[in-house]
Amino acid sequence: QVQLVESGGGLVQAGGSLRLSCAASGSIWRIDAMAWYRQAPGKQRELVATISGGTRTNYADSVKGRFTISRDNAEKTMYLQMSSLKPEDTAVYYCNAAIRVRYYEPSSEYWGQGTQVTVST
C-alpha cells in the first residue's frame, strides 16, 4: 500500500522560512511527477508547484521566487523550501504524486494527509 506523509509544517512569522517534506512509502516501482497543493480556509485547493520525474519544475505565480520544489528519488522524498512567507501563504499543504506500483501498470494519483502552515503578521 502506497502512502505519502507530509511533515515540516508549523507556525512562522511573516518573512520567515519553512521546509516541507513528503515521504513516499510502500510498494513503489517508480514515482513520476510530484506536486504540492495548498488549501486555505474557505478556498479551493490550488496548485503551488510541480516537479517532473527528473528536475523540470513549475510554480504558481504567487510563489515564484520564494518557494523551491525539489526531490530525492533515492529517498522517495519531495521537498518544498518556502522563504519570505506571507500571511496569505497560510493553508494546509498537500503532497501529490503519480506513482507506478508495477512497471506494467499506469501510474495512479496519490495524496498525503496535509500539513498546516500558518504565517502570522
Provide the closest heavy-atom pair for [X] versus [Y] in the form atom of the first, atom of the second, distance.
| X | Y | result |
| --- | --- | --- |
| Ser84 | Ser17 | N-OG, 4.4 Å |
| Ser27 | Val101 | O-CG1, 3.4 Å |
| Met78 | Ile51 | SD-CG2, 4.2 Å |
| Val117 | Gly9 | CG2-CA, 4.2 Å |
| Ala35 | Leu47 | CB-CD1, 4.0 Å |
| Tyr59 | Ala49 | CD2-CB, 3.6 Å |

Report the residues that fulfil side chain to side chain contact (heavy atoms under 4.5 Å, CB included) with [X], sequence neighbours left out, ordered by chain and then residue number.
| X | answer |
| --- | --- |
| Leu11 | Thr118, Ser120 |
| Val12 | Leu18, Leu85, Val119 |
| Glu109 | Asn96, Trp111 |
| Ser7 | Ser21 |

I'd like to know if [Y] and [X] are part of one continuous hydrophobic network [Ile/Leu/Val/Met/Phe/Trp/Tyr, side-chain heavy atoms within less than 4.5 Å].
| X | Y | result |
| --- | --- | --- |
| Tyr93 | Ile69 | yes |
| Leu4 | Val92 | no |
| Ile31 | Val48 | yes |

Hey, what do you get for [atom1] ([X]) to [atom2] ([Y]), rounding to the nearest 0.5 Å?
| X | Y | atom1 | atom2 | value |
| --- | --- | --- | --- | --- |
| Gln1 | Ile28 | CD | CD1 | 11.5 Å |
| Met82 | Trp36 | CE | CH2 | 8.0 Å |
| Phe67 | Leu20 | CZ | CG | 8.0 Å |

Apart from Tyr79 itself, residues in the same hydrophobic cluster as defined by side-chain heavy atoms under 4.5 Å = none
Give me the other members of the hydrophobic cluster that Trp29 sits in, counting Ile, Leu, Val, Met, Phe, Trp and Tyr linked by side-chain heavy atoms under 4.5 Å, directly or via other members.
-> Tyr103, Tyr104
Identify, with sequence neighbours excluded, every residue that meets salt bridge (charged side-chain N to carboxylate O under 4.0 Å, His left out) alongside [X].
| X | answer |
| --- | --- |
| Asp32 | Arg30, Arg100 |
| Lys64 | Asp61 |
| Glu105 | Arg102 |

Restricting to pairs with a member in residues 46-56, which pass side chain to side chain donor-acceptor pair (under 3.5 Å), not counting sequence neighbours?
->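 As it turns out, the side chain to side chain donor-acceptor pair (under 3.5 Å) pairs with a partner in residues 46-56, which skip direct neighbours, are Arg38-Glu46.
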Whether over 12 other heavy atoms sit under 6.0 Å from Gln44 CD | no
What residue pairs, at least two apart or across chains, pass salt bridge (charged side-chain N to carboxylate O under 4.0 Å, His left out) with a residue in residues 71-85?
-> none
Among pairs that include at least one residue of residues 77-121, which meet disulfide bond (SG atoms under 2.5 Å apart), considering only residues two or more places apart or in two chains?
-> Cys22-Cys95
How about Gln81 and Ser70: do any of their side-chain heavy atoms sit closer than 4.5 Å?
->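 No, their side chains stay 4.5 Å or more apart.
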Would you sort out whether Gln113 and Glu6 count as a side chain to side chain contact (heavy atoms under 4.5 Å, CB included), showing the intermediate values?
-> CA-CA 7 Å; Gln113 82 289 350; Glu6 301 99 333; 2.8 Å; yes
Ser107 side chain to Ile99 backbone, donor-acceptor under 3.5 Å = no
